[in-house]
Each structure stands twice: as C-alpha cells, then as structure tokens.
Amino acid sequence: MKLRVVILASGRGSNAQSLAQKMHASPQNWELCALLCDQPKAQVLQIFQNLGIPTVDLDYAKSKKEAEIQLEKFLSDNRIDLIFLAGFMRVLSPGFVEGQWEHKHTRSKIINIHPSLLPKYPGLNSYERALENGEKVIGATVHFVDQGIDSGPIIAQRGIYRLPLESNQEFMARALKLEHDLYAYVLELIEQGILNQGRLVKLDDYHKQIACSSDAISEVLQ
Ligand code: GRF
C-alpha cells in the first residue's frame with residue numbers, strides 16, 4: 001500500500017512538519033505529493049520548501065468556491081488518496097467535503113487534527129477556552145471531516161493532565177507535542193490497515209479510540 005497524500009496548512013506548520021517527517025520515515029507507505037497553503041506568507045511554506053516538498057498556494061483571494069475548484073483539480077490531477085488537515089484554518093464547504101467521500105479506503109478522505117477533546121470545544125482557540133473554563137485535562141482529537149465543524153467521526157483522542165505549578169503556556173506546549181504524537185499514531189493505524197478494516201481496537205487510560213467504518217462510527221471497544 002502506498003498512499004498518495006497532501007497536507008493542508010495555514011500557519012506555523014508544526015503538525016504538518018511532524019506528519020512529513022513521519023511519512024518520510026516510511027516511504028513504502030506514503031507519497032507526500034504536496035503541501036497546500038492558503039496563506040502566502042505562512043511559515044509552513046518555508047519549512048516545506050526547505051524539506052524539498054512541493055508547495056502550492058491555494059488562492060482564496062477571489063472566493064472560497066474558486067479556491068476549492070483549484071483544490072479539487074489538484075486532487076484529481078494528482079490522484080490523491082488522502083488529505084490531512086494540519087492547522088488548516090479554513091472550513092471546507094459541505095459540497096466539497098461530500099465530493100471527496102467516494103473513496104476506496106475510508107468514508108471520508110479528509111482527516112483533521114483538532115486541539116480539544118471533541119465534542120468539547122469545537123472551533124477556534126480551543127486550548128484557550130478550555131483553560132479559561134478551568135479544565136484540568138486538555139488534549140487533541142484526530143477525526144474524519146464531515147460537513148460540520150470538527151464534528152466528523154473520531155479516529156483517536158488523547159488528553160493530558162495539568163501538572164502542579166504548570167503555566168498555561170507550558171501546558172499548551174505539552175499539548176502541541178501530544179498532537180504531533182497523536183497524528184503520528186493515526187498514520188500508524190493507516191499503515192497497518194486498521195482504519196480500512198472498519199474498526200479500531202482498544203480503550204485505555206490515556207486515550208480512547210472510536211471505531212470508524214464506512215457507515216461512520218460503529219462501535220467503541222472497552
Ligand atoms: C494546532 O493546535 C492545530 O491543532 C490547530 O491549530 C494549531 C496549528 O499549529 N488546528 P501548527 O500550525 O500545526 O503548528
């Protein structure tokens with residue numbers, strides 16, 4: 001199995017970089033075809049140019065519709081199997097998402113990482129809102145993308161407890177590292193074909209994995 005994939009990102013690019021490194025370590029599984037970015041000055045572009053991975057500017061200047069037509073054309077011209085969103089700060093339109101659903105491996109071919117333990121704190125500034133609410137556990141979720149905002153079937157989640165005397169900045173920095181590890185873990189699930197089989201396998205103290213099938217969430221194993 002060698003999947004042809006792209007990453008979409010908008011800013012700093014730490015998740016995108018971490019994904020690229022993990023894929024680079026398994027060239028038999030991954031063909032990272034390009035990094036697509038909607039912000040011409042984003043740091044992530046420089047990172048990928050330095051890595052020698054093609055970058056594409058997604059042009060949202062005229063309209064979201066035109067940008068999505070450009071994206072759709074790129075995906076079909078390059079026979080892309082899977083799309084990873086990694087700090088991509090745009091909401092893809094429902095029509096675009098539905099257009100990507102016909103896929104041999106998964107229900108949706110778009111996967112996102114979100115910085116909260118969904119369904120809590122969908123949308124923007126999730127860590128900040130969680131901390132304002134005094135949450136003692138924050139974390140991240142990797143999920144398939146559906147037509148809603150951060151509402152698609154969950155693939156994997158992990159959380160961390162706040163340590164005594166830990167500042168908000170330190171807590172969020174640990175959570176960002178957790179995001180990188182969680183996305184790497186999901187790549188491993190895909191490499192092992194576990195997502196393709198329609199269900200996942202275990203629930204432990206640190207994270208729960210929720211089954212995803214072609215009919216969306218099917219089962220949680222305890
Ligand atoms: C991450 O927390 C990601 O989950 C969220 O935005 C942040 C992007 O960070 N969507 P980076 O660009 O991956 O460093």
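For clarity, every value in this text was computed on a predicted model and none was experimentally measured. Indexing begins at 1, ligand by ligand and atom by atom, following the structure's order. The figures here come from the full heavy-atom set of this structure, side chains too, leaving out hydrogens, waters and symmetry mates.
At a heavy-atom cutoff of 4.0 Å, ligand 1 is surrounded by Arg12, Gly13, Ser14, Asn15, Gly87, Ile113, Pro115, Glu179.
Between the side chain of Lys109 and the backbone N or O of Ile80, at least one donor-acceptor pair lies under 3.5 Å. Side-chain atoms of Gln17 never come within 3.5 Å of backbone atoms of Ser14 as a donor-acceptor pair (strictly under, hydrogens ignored). One N or O on the side chain of Gln70 and one on the backbone of Asp59 form a donor-acceptor pair closer than 3.5 Å.
Ala67 pairs by the side-chain contact (heavy atoms from CB on, under 4.5 Å) definition with Tyr60, not counting sequence neighbours.
Remark: the Ser10 side chain and the Gln39 side chain contain no N/O donor-acceptor pair separated by less than 3.5 Å. No hydrogens or angles considered: nothing links the side chains of Asn168 and Tyr127 as a donor-acceptor pair under 3.5 Å.
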